[in-house]
Every structure is written in structure tokens, then in C-alpha cells.
Amino acid sequence: MKLGALVLAVLVASPAAGSEVVSVERAQLFPDGGTAAVEVEGGCWLSEARCIRTAAELERLRAENASLREHAGDVSLTVAVVALVLGLGAGFAVAKLAR
């Protein structure tokens, strides 16, 4: 990002005091080596520290999700059939009592 884009973003941004998130109403980004500018209207940018913490949290959640998937057992067909029969029986009993 070039210095001009950063200055423009800072000028149009309205950060809260001590905030890690900068709300942007309008900005122009000039990618390195790019000739065309990108117009941005509305949105927010995160501070570098906030991005690092968010990435670490996402990685932790992915690892936790993988662990939970690994430890989750497969439901056998017998358990599924018994649960279905019990559910149907309970529904039939409730319907009979409701009449």
C-alpha cells in the first residue's frame, strides 16, 4: 500500500479512541506495482495486532473443530432405528392423550 492511500484512509477514517477497528467511509487503495486504484466505500480495517489475534483464534477454532470431529463417534444403524421407534412411539402416545 502506498503512502498516499494510507494518508487518504487516515483522513476519511473515523476511529474510536483506543479502537483496534477503523471505520472507513471512503478511501482509495493503490496496490504495490498496480496502476489502477481501488475505490473502497464503507467498511472497516483492523489493526495489525487485531488481525494477528483473530488469525490465532481462527487457527485455535479449526484445531478444536478437527479434534471434535475426530472424537465424534459414528452412530450405528441400530441406535438410529431405536431412536426413531421411540420417537414415533412417544409422538403416538402424546397424540392419543391429546384426544
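What you are looking at is a predicted structure, and each value in this text was computed from that prediction instead of being measured.
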Novice: Does A63 offer a backbone N or O that forms a donor-acceptor pair with the side chain of S67 under 3.5 Å?
Specialist: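 Side chain of S67 to backbone of A63, a donor-acceptor pair under 3.5 Å: no, none is there.
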Novice: Within the structure provided, determine whether V81 and L77 are in side-chain contact (heavy-atom separation under 4.5 Å).
Specialist: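 Yes, close enough: below the 4.5 Å cut-off.
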Novice: Check E64, E59, R60 against R62 for a side-chain contact (heavy atoms from CB on, under 4.5 Å) and give me the one that passes.
Specialist: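 Of E64, E59, R60, side-chain contact (heavy atoms from CB on, under 4.5 Å) with R62 is met by E59 alone.
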Novice: Measuring from L58:CG to T54:OG1, what's the distance to the nearest 0.5 Å?
Specialist: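 Rounded to the nearest 0.5 Å, the CG-OG1 separation comes out at 7.0 Å.
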Novice: Looking at R53 and E57, is there a salt bridge between them, counting it only when a charged N and a carboxylate O are closer than 4.0 Å?
Specialist: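 Salt bridge flag = no for R53 with E57.
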Novice: Are there more than 12 heavy atoms of other residues, nucleotides or ligands under 6.0 Å from atom CZ of R69?
Specialist: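 No.
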